[in-house]
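Down below is the structure, laid out as structure tokens.
The model shown is predicted, which means the values in this text are computed figures rather than measured ones.
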Amino acid sequence: MRIFDISSCDVNNGDGFRVTLWVAGCTHHCKGCQNPETWDFQGGQPFRPEAHEYLFSELAKPYIQGITFSGGDPLCSPDEVAALAKEIKEKLPKKDIWVYTGYTIEQIEADPKLSQILPYADVIVDGEYVQALRDVTLAFRGSRNQRILWLKDGKIVRKEEYGKK
């Protein structure tokens, strides 16, 4: 897996103070994407042991609520992201995991590779960014087609969709 950055004390990509791991690589190439530099699968740098150690040292801080996987699209590296999410849940079970992806939950559930993340994710923000549906008033998403999905044991327990409560 390659990464672009690890952000600490991020408050823009999920509830509370978070660590965000910016994963390299995306196949969606959404028009108007705010992070097109992360599309390249060879961009950024390898996720080296030093970065792994730093990630866990930041996550261990008591005021950090959890981790957000973003990018790129973290589910374009499904094996590595699922393995890291599993390790986080085992070592820091009270930290929550958010995943931003251009895939829909229906696509994730239907694909054995993508669905590896489901047992570990607490929240998935799904769907490609659609510039024509951009809405800056939405919390934690950029366009009205995107949904916030809360999970428990890999199953959806709550959905937040545009115009629906």
Side-chain angles (χ1 to χ4, degrees), residues 1-28 30 33-103 105 108 111-129 138-142 146-158 160:
M1 175 172 66
R2 297 182 69 84
I3 65 167
F4 269 88
D5 198 11
I6 299 171
S7 301
S8 298
C9 290
D10 184 350
V11 295
N12 296 316
N13 294 292
D15 285 332
F17 290 112
R18 314 191 64 69
V19 174
T20 298
L21 181 67
W22 302 93
V23 180
C26 184
T27 58
H28 305 291
C30 302
C33 174
Q34 69 176 356
N35 301 317
E37 67 279 2
T38 64
W39 293 353
D40 184 359
F41 284 90
Q42 297 308 312
Q45 59 193 330
F47 186 56
R48 293 192 171 96
E50 306 82 48
H52 181 274
E53 184 179 315
Y54 175 72
L55 177 78
F56 275 87
S57 71
E58 291 299 297
L59 278 172
K61 294 177 178 176
Y63 56 86
I64 296 293
Q65 186 168 324
I67 185 169
T68 298
F69 290 96
S70 192
D73 190 327
L75 295 189
C76 287
S77 300
D79 297 331
E80 297 91 341
V81 169
L84 182 55
K86 179 181 185 209
E87 182 182 2
I88 291 166
K89 283 294 184 184
E90 288 171 350
K91 292 181 177 176
L92 300 164
K94 293 184 178 177
K95 304 295 180 172
D96 64 14
I97 296 176
W98 283 52
V99 179
Y100 278 82
T101 180
Y103 295 101
I105 191 66
I108 296 166
D111 186 308
K113 285 289 227 185
L114 299 177
S115 64
Q116 296 177 87
I117 195 65
L118 293 176
Y120 313 111
D122 296 290
V123 178
I124 293 180
V125 181
D126 80 337
E128 292 184 5
Y129 171 74
L138 297 172
F140 306 125
R141 53 207 158 135
Q146 296 172 314
R147 301 174 289 187
I148 302 174
L149 309 161
W150 284 264
L151 307 172
K152 182 159 178 63
D153 301 322
K155 304 290 182 202
I156 299 168
V157 294
R158 190 171 122 219
E160 185 175 321

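Proximity of a side-chain donor or acceptor of E58 to a complementary backbone N or O of L55 within less than 3.5 Å is not detected. Judged by distance alone, the side chain of T38 and the main-chain N or O of G71 form a donor-acceptor pair under 3.5 Å. No donor-acceptor distance shorter than 3.5 angstrom exists from the side chain of D5 to the backbone of W22, with no hydrogens or angles considered. No donor-acceptor pair under 3.5 Å is formed between the side chain of R2 and the backbone N or O of A24. With hydrogens and angles ignored, the 3.5 Å screen pairs a side-chain donor or acceptor of K95 with a backbone N or O of I64.
Summarising the geometry of S77 relative to V23, their closest heavy-atom pair is OG-CG1, 4.1 Å, with the distance given to 0.1 Å. Among all heavy-atom pairs drawn from P78 and C76, the shortest one is CD-C, 3.3 Å. Considering all non-hydrogen atoms of both residues, F4 and G44 come closest at CZ-N, 3.3 Å. Of all heavy-atom pairs between E128 and C30, the closest is CB-SG, 3.5 Å. Shown here for E160 and W150, the closest heavy-atom pair between the two residues is OE1-CH2, 3.5 Å. Of all heavy-atom pairs between A85 and Y120, the closest is CB-CB, 3.7 Å.
With R18 as the fixed residue, the side-chain hydrogen bond (donor to acceptor under 3.5 Å, both in side chains) test singles out one of D96, N13, D10: D96. Evaluated for a side-chain contact (heavy atoms from CB on, under 4.5 Å) with I124, the options I148, I156, L118, L75 yield exactly one hit, L118.
For the atom pair OG1 (T101) and CD1 (I108), the distance works out to 5.0 Å, reported to the nearest 0.5 Å. Atom-to-atom distance recorded for I67:CD1 and T20:OG1 is 7.5 Å, nearest 0.5 angstrom. Between atom CD of residue Q116 and atom CG of residue D111 there is a gap of 9.0 Å, rounded to the nearest 0.5 Å. Here the straight-line distance linking atom OH of Y129 with atom CD of Q146 works out to 8.5 Å at 0.5 Å rounding. Note that CH2 of W39 and CG of D73 are 12.5 Å apart. Values are rounded to the nearest 0.5 Å. To the nearest 0.5 angstrom, L21 atom CG is 9.0 Å from S7 atom OG.
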Original post:
What do the steps show when you test Y100 against N35 for side chain to side chain contact (heavy atoms under 4.5 Å, CB included), and what is the final call?
Top reply: CA-CA 12 Å; Y100 278 82; N35 301 317; over 6 Å; no
Subject >> Intermediate values then yes/no, side chain to side chain contact (heavy atoms under 4.5 Å, CB included), Y103 and T27 >> reply: CA-CA 10 Å; Y103 295 101; T27 58; 3.9 Å; yes
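K89 has a carboxylate O that lies under 4.0 Å from a charged side-chain N of D122, or vice versa, which qualifies the two as a salt bridge.
No more than 12 heavy atoms of other residues, nucleotides or ligands sit less than 6.0 Å from atom NZ of K155.
Considering only heavy atoms from C-beta on, V123 stays 4.5 Å or farther from F140 through its side chain. D15 places a side-chain heavy atom less than 4.5 Å from the side chain of W98. Contact annotation: the side chain of L84 approaches that of M1 to within less than 4.5 Å [non-hydrogen atoms, C-beta and beyond]. Residues E87 and F56 have side chains in contact (heavy-atom distance under 4.5 Å, counting atoms from C-beta outward).
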